[in-house]
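Every chain is numbered from 1 and lettered A, B, ... according to where its sequence line falls, protein lines coming before strand lines. What you see below is based on every heavy atom in this structure, not just the backbone, and it leaves out hydrogens, waters and symmetry mates.
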Amino acid sequence: MVNKLLKIDKKWQKAWEDKKAFKVKEDPKKKKYYVLEMYPYPSASFLHMGHVRNYTIGDIYARFKRMQGFNILYPMGYDSFGLPAETAAKKEGIHPKKYAESSIKKIMEYQKALGNSYDWSRILSSHDVNYYKWNQYFFLKLFEKGLTYRKNAPVNWCEKCQSVLANEESEGGKCWRCDSEVVQKPLEQWFFKITAYADRLLNDLNKIDWPEKIKLMQKNWIGKSHGTEILFKINNENWPIFTTRADTIYGVTFMVISAQHPKLFDLVTKEQKKDVDSFLKKLKTVSKEELEELEKEGVFTGSYAINPITKEKVPVYAGNFVIADYGSGMVMAVPAHDQRDFEFAKKYNIPIKIVIIPEKELIKEDDMINRMFLEIKKINELMQKNKIKVWFNGTFGVIGHSKKIFIKPRDVDFGVLEKDYEKAKKLLVGLGYSKIEEKENEKFKYTSYKYEDLFLEVGTFDHDLGNEVANIKGITYPIPNARWLAECYEITKNKERRQGRGDDFSALLLGLLSGSMKEAFTGNGTLINSKEFNGTNNLDAIEEITKHLEKLKLGKKVTQYKLRDWMISRQRYWGTPIPIIYCDKCGVVPVPEKDLPVTLPEKVKFDTGNPLSTNKEFVNVKCPKCKGPGRRETDTMGGFVDSSWYFIRFCDNTNKKQPFDKKKANYWMPVDQYIGGAEHAVMHLMYARFFVKALKDLGIVSFDEPFSKLFNQGIVYKDGAKMSKSKGNVVYQTEISEKYGIDTARLFLMSIAAPDAVMEWRDEGVESSFKFINKVITYYENVKLGKSSEKVESKLNKTIKEVTEDIESFNYNIAIIKIRKLFESFNKEESKNTLEPFLKLFHPFCPHITEELWSKLKNKEFLSLEDWPKADLKKINEKFEQEDKLIDNLTEDINNVVRIIKEKGNEPKKVFIYTIPKEKEIYSNEIESIKLRTTLDVEVFAVNDPKKHDPQNKAIKSKPGKPALYLE
RNA sequence: GCGGGAAUGUCAGAGCGGUCAAAUGAGCUGGCCUAAGAAGCCAGUAGCUUAGUGCUUACGCAGGUUCGAAUCCUGCUCCCCGCACCA
């Protein structure tokens with residue numbers, strides 16, 4: 001059987017290829033549909049189950065859509081430039097080109113063995129000069145437009161890879177490829193100005209049908225935020241500072257400039273230079289893990305900044321926690337209301353100035369008191385039960401002082417008689433109060449009682465600003481003591497005085513609170529200490545203060561993005577040469593378009609530094625402008641440039657005169673269904689979107705989003721880790737396909753889990769898919785061609801309807817279940833009208849065997865190119881389904897009774913079924929199938945049949961949908 | 001820390017207000033078939049109970065909404081995945 005399957009696989013793969021079954025071209029009469037899987041990196045010359053899953057998901061969709069009558073573009077290509085080829089070259093002494101090309105060859109072979117319906121004539125590889133030439137072309141176009149520029153920037157540098165990494169490639173201070181530490185290093189680099197498209201990239205997310213998760217990741221990555229740019233004067237020069245918290249301007253007590261800031265030394269005074277230098281030396285990049293514990297550190301620069309509103313003079317520090325290229329690279333530090341600033345201030349003893357206090361509404365006083373009240377109530381009940389007299393007087397509340405909290409509010413007394421004290425104490429311990437304090441209290445006067453007071457210490461509370469919480473028996477509650485803060489504030493605002501309290505409450509609060517603060521208060525609240533803005537809600541204050549600053553021309557509203565420009569330079573060999581020549585006279589000169597391509601030379605040395613610089617012929621060229629001596633750029637472009645437009649090249653992959661024919665591109669693009677891993681959420685998918693938008697602005701294409709729909713397939717795990725060669729937990733394609741045929745692998749991968757779910761690979765289930773395929777084949781080989789029952793037709797049409805919807809929405813696993821069920825309902829005799837549509841439904845999942853069975857039904861054309869079946873809704877009759885269920889229930893009942901009788905030692909031979917008259921036919925029609933499932937002899941009577949055999953008078957038990965039984 | 005997703009029977013994995021002791025596989029148990037089966041077929045697979053019934057527990061934990069909840073809401077726990085000193 002296996003051999004047979006393998007032969008079938010080969011036979012049809014060859015047939016498809018020979019007949020060019022999937023070759024397509026533009027056809028204005030047909031509706032196009034473009035299905036694409038992210039093109040693979042041919043670093044490994046094998047495919048594992050993760051790959052197979054990915055490609056199968058795409059192929060099923062492509063085949064499905066093709067059968068639905070769409071003109072399907074479904075190509076395959078290779079992302080063959082990049083580091084692994086170069087690493088392999090270094091390691092094994094193979095030239096990257098050779099390495100890449102042999103890998104491609106092998107991978108292609110395996111891919112072809114998958115039986116996917118690719119149009120192989122459209123193949124492309126990014127290392128092909130006919131491809132990368134156009135990278136250079138686009139580079140120059142973007143250069144003309146000012147979207148390509150060069151700057152000296154601190155970059156992420158990986159020592160091991162000897163290359164610069166993009167922001168996206170440096171994962172928390174580690175290289176995404178080799179996991180070694182990334183260091184900061186200043187270098188001249190080429191950039192694409194993706195930031196110019198930040199807003200469009202953000203807004204157009206609404207246009208595309210992508211998983212929300214990916215859209216969100218892109219949104220966060222773009223990171224648009226609104227804020228205020230405030231001008232601080234430092235050494236008589238204006239420094240714009242970006243902040244989202246203009247409301248805290250009165251709380252600024254220092255400034256921090258990024259240690260990597262290019263203008264840092266403008267601020268460093270002579271006296272401080274030594275300190276700053278030694279501080280900078282200490283800096284290093286840190287890993288993700290270390291980041292959490294990394295202490296905020298800094299050093300005084302010697303300069304002071306003038307707060308534009310308060311005119312206060314505050315020191316400027318250089319700090320390790322400020323990002324150089326976000327915002328202005330310098331922050332106004334408000335330690336009372338920003339956790340980082342707070343930590344820094346604590347460390348260097350900088351004053352903390354509180355300018356926001358929490359609002360009354362935030363305090364859940366009532367809740368607190370209710371809980372306390374319940375506690376008291378509980379105590380009361382307990383005491384009464386034990387006949388201990390307790391006094392409570394007045395309303396209950398809470399009072400807090402020092403670090404303890406007592407149920408002992410303003411005018412409440414709680415006491416027991418002296419003789420009950422010990423007993424009461426015991427009971428309270430039983431209630432869970434571990435500590436009971438007993439004391440004479442002078443602070444509170446208990447005039448009503450002579451008895452000893454019982455204080456209950458029920459918990460502790462922390463007294464710090466804003467976050468007052470009480471911890472009572474392990475539960476944390478907000479505590480109303482902030483109430484008095486609010487009170488204090490009221491007093492200040494109304495300029496009231498209260499006996500025993502100071503005039504300047506702001507000062508008092510500061511004194512009281514800043515010393516005991518444990519962390520910054522970053523919540524919202526009411527402004528204090530902020531002159532005319534006192535009493536304003538801080539969210540409103542952001543607006544108001546910004547407006548105020550605008551009036552004074554000391555600030556303005558601005559928008560910030562986290563998105564950085566796309567750094568494309570790589571100090572590598574195996575990539576597209578950047579078409580730039582440096583000339584001592586003319587400076588940076590782009591290679592003229594007519595001189596393209598700048599071909600990547602094969603002869604280079606890989607031992608040290610940048611390989612391209614070792615080829616003198618390549619490097620030393622004439623300046624295109626002045627014809628004087630020039631020097632070529634030796635950096636190459638990162639691979640994400642290649643992958644930013646390859647999907648358009650597929651539309652016209654052999655064009656030598658243009659990157660692609662505009663008409664062809666406009667016919668096929670955008671990609672209707674893109675399929676690939678979620679790991680590309682922010683890199684490839686963002687760059688490609690940018691690139692397409694830029695091309696649109698250049699007038700090269702007429703669409704502005706590359707991928708209308710995106711589907712993320714789930715990762716295949718094995719032994720708890722993602723399947724990958726480096727982890728050694730790989731199951732190769734051939735391990736399954738050589739044993740069971742490729743259709744089994746496809747079917748299994750698709751039935752085990754929804755395509756977008758992560759799945760754990762287990763061999764166990766493979767057999768089941770294999771068995772099913774064999775069953776289908778055996779069935780089709782033996783089926784008697786004839787008529788199909790209405791029942792089967794009903795089922796077929798229902799299945800067609802549902803499976804169509806399921807495939808459309810990628811519920812492949814559900815579709816397979818339904819297809820299997822349909823198959824189970826087939827009889828020994830079926831008509832072509834059911835046998836053929838079944839093959840069609842099954843075809844996307846198992847193209848080879850269905851194609852084979854299709855031809856066995858004497859069909860000449862490829863099943864792959866047939867029409868997808870349409871459901872005839874008129875033929876769907878739920879009656880059949882219900883009847884099926886009745887028979888199911890009946891046989892279950894019979895089996896149940898049989899089992900019970902057998903346990904009692906009897907062996908039933910025959911079952912008599914008594915149905916209500918209306919249902920008699922249903923059951924008598926199904927006698928054969930009942931017999932089959934019970935192995936008993938079966939006889940059906942209507943209950944009103946006078947001739948029925950019913951010695952035990954069981955017939956009375958008969959109910960609609962539930963016939964009575966008698967077995968003997 | 002921020003953001004997103006999940007938690008279902010022995011396992012994997014559907015379901016997402018009633019038709020749910022819960023699809024479909026796998027595993028396990030028993031039976032049939034057979035010289036024998038690793039093949040095929042049939043049945044069972046929460047517990048108790050019963051000639052086909054009935055009941056009780058069950059969809060992470062605790063509450064809530066509802067005539068009714070695996071499905072909706074609230075809180076908690078745990079796991080996974082992104083981002084992360086973004087001012």
Trainee: Output the single nucleotide from B:A87, B:C11, B:G40 whose closest atom is nearest the side chain of A:V331.
Mentor: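 My answer, after comparing the listed nucleotides, is B:A87.
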Trainee: With a 4.0 Å cutoff (strictly under), does any side-chain N or O of A:K219 reach OP1 or OP2 of B:G3?
Mentor: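 It does not, given that no N or O in the side chain of A:K219 lies less than 4.0 Å from OP1 or OP2 of B:G3.
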Trainee: Can you spot which of A:F772, A:W761, A:F845 makes a ring-ring contact (aromatic ring centres under 6.0 Å, His included) with A:F748?
Mentor: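 Among the candidates, only A:W761 passes.
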Trainee: Between C1' on B:G3 and CH2 on A:W221, what's the gap in Å once rounded to a whole number?
Mentor: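 Going from A:W221 (CH2) to B:G3 (C1'), I get 14 Å.
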Trainee: Can you sort out which residues in residues 813-826 of chain A have a heavy atom within less than 4.0 Å of RNA chain B? Ascending by number, please.
Mentor: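 Under 4.0 Å from RNA chain B: A:I814, A:I817, A:K821.
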Trainee: So, using ring pair (Phe, Tyr, Trp, His ring centres under 6.0 Å) as the criterion, who are the partners of A:H226 when residues are at least two apart?
Mentor: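 By the ring pair (Phe, Tyr, Trp, His ring centres under 6.0 Å) rule, A:H226 matches no residue at all.
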Trainee: Which part of the nucleic acid does A:K213 contact within heavy-atom distance under 4.0 Å: base, sugar-phosphate only, or nothing?
Mentor: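 Sugar-phosphate contact only.
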Trainee: Who passes ring pair (Phe, Tyr, Trp, His ring centres under 6.0 Å) against A:F941, sequence neighbours left out?
Mentor: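 With neighbours one apart ignored, the set is empty.
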Trainee: How close or far is atom P of B:U24 from atom NZ of A:K771, stated in whole angstroms?
Mentor: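 Result: 16 Å.
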Trainee: Check every strand shown and say whether A:I323 touches a base, only sugar-phosphate, or nothing at a heavy-atom separation below 4.0 Å.
Mentor: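 The answer is base, as A:I323 lies within the cut-off (heavy atoms under 4.0 Å) of a base atom.
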Trainee: What's the closest nucleotide to the A:T244 side chain, out of B:A12, B:A51, B:A87?
Mentor: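 Within the option list, the nearest is B:A87.
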Trainee: Can you check whether any acceptor in the base of B:C86 is under 3.5 Å from a donor in the side chain of A:R340, or vice versa?
Mentor: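 No, no donor-acceptor pair under 3.5 Å.
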Trainee: What nucleic acid atoms does A:A754 come within less than 4.0 Å of, heavy atoms only: base, sugar-phosphate, or nothing?
Mentor: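 The residue A:A754 makes sugar-phosphate contact but no base contact.
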Trainee: Given B:G13, B:A51, B:C86, identify the nucleotide with an atom nearest to the side chain of A:R564.
Mentor: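 Within the option list, the nearest is B:C86.
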Trainee: Between B:A87 atom P and A:F232 atom CZ, what is the distance in whole Å?
Mentor: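 To the nearest whole Å, that distance equals 16 Å.
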Trainee: Toward the 5' end of RNA chain B, which comes first, A:S768 or A:R245, by nearest nucleotide?
Mentor: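 With A:S768 and A:R245 compared, the 5'-side residue is A:S768.
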Trainee: At 4.0 Å (heavy atoms only), tell me whether A:S751 reaches a base, stays on the sugar-phosphate, or touches nothing.
Mentor: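 No contact at all - A:S751 keeps every heavy atom at 4.0 Å or more from the nucleic acid.
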Trainee: Let me check I have this right: for RNA chain B, each base becomes ., (, ), [, ] or |, based on Watson-Crick or G-U pairs with both distances under 3.5 Å. What is the full string?
Mentor: (((((.((.[[[..)..(.....]]]((((((.......))))))(((.....)))...[[[[[..)....]]]]]).)))))....
Trainee: Need one value for A:V322: base, sugar-phosphate or nothing, where a base atom within 4.0 Å counts as base even if backbone is also close, heavy atoms only.
Mentor: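 If one applies the 4.0 Å heavy-atom cut-off, A:V322 turns out to touch a base.
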Trainee: Step by step, would you call A:F344 with A:F254 a ring pair (Phe, Tyr, Trp, His ring centres under 6.0 Å)?
Mentor: CA-CA 10 Å; A:F344 196 86; A:F254 60 103; 5.4 Å; yes
Trainee: Given ring pair (Phe, Tyr, Trp, His ring centres under 6.0 Å), test A:F826 with A:F838 step by step and report yes or no.
Mentor: CA-CA 10 Å; A:F826 280 2; A:F838 172 81; 5.4 Å; yes
Trainee: I'd like to know whether the aromatic ring centres of A:F810 and A:Y812 sit less than 6.0 Å apart in this structure.
Mentor: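 So the answer is yes for these two rings.
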Trainee: Sorted by first residue and then second, give each side chain to side chain donor-acceptor pair (under 3.5 Å) pair with at least one member in residues 249-259 of chain A; sequence neighbours left out.
Mentor: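 Residue pairs passing side chain to side chain donor-acceptor pair (under 3.5 Å), neighbours aside: A:S258-A:Q260.
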Trainee: In whole Å, I'd like the distance from the CG atom of A:L967 to the P atom of B:A51.
Mentor: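 In whole Å, B:A51 P lies 14 Å from A:L967 CG.
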Trainee: Look at all strands and tell whether A:L965 reaches a base, only sugar-phosphate, or nothing, counting heavy atoms closer than 4.0 Å.
Mentor: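 Touches a base.
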Trainee: Can you tell me if NZ on A:K739 sees more than 12 non-hydrogen neighbours from other groups inside 6.0 Å?
Mentor: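 Check fails, neighbour count at 12 or below.
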Trainee: What contact category does A:Y966 fall into here, base, sugar-phosphate, or nothing, at under 4.0 angstrom with non-hydrogen atoms?
Mentor: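 The answer is base, as A:Y966 lies within the cut-off (heavy atoms under 4.0 Å) of a base atom.
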Trainee: Would you give me the side-chain donor-acceptor pairs under 3.5 Å for residues 816-823 of chain A, sequence neighbours excluded?
Mentor:
residue : atom : partner : partner atom : Å
A:K818  : NZ   : A:E802  : OE1          : 3.4
A:K818  : NZ   : A:D806  : OD2          : 2.9

Trainee: Which residue, A:D338 or A:K775, contacts RNA chain B at a nucleotide closer to its 5' end, judged by nearest heavy atom?
Mentor: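 Of the two residues, A:K775 wins.
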Trainee: Closest to the A:N320 side chain: B:G4, B:A14, B:C85?
Mentor: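 Of the candidates, B:C85 comes closest.
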Trainee: Kindly check if the number of other-residue, nucleotide or ligand heavy atoms within 6.0 Å of NZ (A:K557) is above 12?
Mentor: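 Open: at most 12 neighbouring heavy atoms sit under 6.0 Å from NZ of A:K557.
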